[in-house]
Asks: 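Below: one structure in structure tokens.
First listed ligand is number 1; within each ligand, the first listed atom is number 1.
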Amino acid sequence: MILCAGDTFRAAAADQLEIWAGRSGAQIVRQHEGADPAAVVYDGISAAKARGTDVILCDTAGRLHNKANLMNELGKISKIIDRELPDADKEVLLVLDGTTGQNGLLQAKQFKEIAGVTAIALTKLDGTAKGGIVISVADALQIPVKYIGVGEQMDDLMPFDAESFVDALI
Ligand SMILES: Nc1nc2c(ncn2[C@@H]2O[C@H](COP(=O)(O)OP(=O)(O)OP(=O)(O)O)[C@@H](O)[C@H]2O)c(=O)[nH]1
Ligand SMILES: [Mg+2]
């Protein structure tokens, strides 16, 4: 697996990802801070093709969905992936913090439009948050939840199970 450090906006993001690459035994492709994220993703795809790697995981910057230029940048990344890997299986995960309220629905709507979000990873369910917003998101936008986060260790990202989620919610 290759991790692609597409969050070039936050200085520590690539360093953070490098630590996770070390922990998990994945390779990492990164550039300098402020680099064009689409160029980093392009590099990651080229490296994967050259090395025969099956899986590429691209991190992108957390961004405000009302900042047009940042959202356009995300659209550019999608276009490059589609152009370079037309036949690959693609999953576009929107990471939603479990504490997010109604704003999560708006975020999901806009990220679906610009980046074709296919699934949600719902994090921080180990705290008091229950992540009820994903019910509206799944209902209104037909985006399923695939993963949940329940902590900061490697095994704390787990597949979503609807029945236990509902049990915890009510
Ligand atoms: N308790 C808990 N902490 C989490 C969970 N998921 C992520 N974190 C922690 O939350 C902090 C922020 O996580 P990041 O992965 O940097 O968040 P991000 O969404 O990538 O943030 P930006 O890219 O800056 O928008 C880190 O310290 C993570 O370890 C979770 O499910 N539970
Ligand atoms: Mg991040």
Asks: Give yes or no for whether the N/O distance cutoff of 3.5 Å, strictly under, is met between Glu152 and ligand 1.
Replies: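 In this structure, Glu152 places an N or O atom under 3.5 Å from an N or O of ligand 1.
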Asks: Is it true that atom NZ of Lys109 has more than 12 heavy atoms of other residues, nucleotides or ligands lying nearer than 6.0 Å?
Replies: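 No, not enclosed.
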Asks: So Phe111 and Leu74, side-chain contact (heavy atoms from CB on, under 4.5 Å) or not? Walk me through it.
Replies: CA-CA 9 Å; Phe111 280 110; Leu74 203 56; 3.5 Å; yes
Asks: Check ligand 1 against Asp7 and write out every atom of the ligand that is under 4.0 Å from a heavy-atom position of the residue.
Replies: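 Counting from 1, the qualifying ligand atoms are 23 (O).
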Asks: Just how far is it from atom CG of Leu122 to atom OG1 of Thr100, taken to the nearest 0.5 Å?
Replies: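 Atom-to-atom, Leu122:CG and Thr100:OG1 are 8.0 Å apart.
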Asks: Can you name the atoms of ligand 1, numbered from 1 with element, that are less than 4.0 Å from a heavy atom of Gln16?
Replies: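 Heavy-atom distances to Gln16 below 4.0 Å select 16 (O).
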Asks: Would you check whether Ala13 reaches within less than 4.0 Å of ligand 1, judged by its heavy atoms?
Replies: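 So Ala13 does not count as touching ligand 1.
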Asks: Any nitrogen or oxygen of Asp59 lying under 3.5 Å from a nitrogen or oxygen in ligand 1? Just yes or no.
Replies: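 No, no N or O pair falls under 3.5 Å.
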Asks: To the nearest 0.5 Å, tell me how far Ile2 CD1 sits from Ile45 CD1.
Replies: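 Interatomic distance, Ile2 CD1 to Ile45 CD1, rounded to 0.5 Å: 10.0 Å.
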Asks: For a side-chain hydrogen bond (donor to acceptor under 3.5 Å, both in side chains) with Arg30, tell me which candidate from Asp15, Asp59, Thr8 qualifies.
Replies: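 Exactly one candidate clears the test, Asp15.
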Asks: State the atoms of ligand 1, each with its element, that fall below the 4.0 Å cut-off from a heavy-atom position in Arg10.
Replies: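 Counting atoms of ligand 1 from 1, those under 4.0 Å from Arg10 are 16 (O), 24 (O).
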Asks: Taking all atoms of both residues into account, what is the closest heavy-atom pair of Arg83 and Tyr42, and its distance?
Replies: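 Here Arg83 and Tyr42 meet closest at NH2-CE1, 3.9 Å.
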Asks: Any non-hydrogen atom of Val150 lying under 4.0 Å from ligand 1?
Replies: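 It does, in that a heavy atom of Val150 comes within the 4.0 Å cut-off of ligand 1.
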Asks: Numbering the atoms of ligand 1 from 1, which are under 4.0 Å from a heavy atom of Gly149?
Replies: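 Listed by number with element, the hits are 31 (O).
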Asks: Only heavy atoms of Asp126, strictly under 4.0 Å: list the atoms of ligand 1 that pass.
Replies: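 This gives 1 (N), 2 (C), 30 (C), 31 (O), 32 (N) as the contact atoms.
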Asks: Would you say CG of Asp89 has more than 12 non-hydrogen atoms from neighbouring residues, nucleotides or ligands within 6.0 angstrom?
Replies: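 Open: at most 12 neighbouring heavy atoms sit under 6.0 Å from CG of Asp89.
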Asks: Do Val95 and ligand 1 have an N or O pair less than 3.5 Å apart?
Replies: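 There is no such contact.
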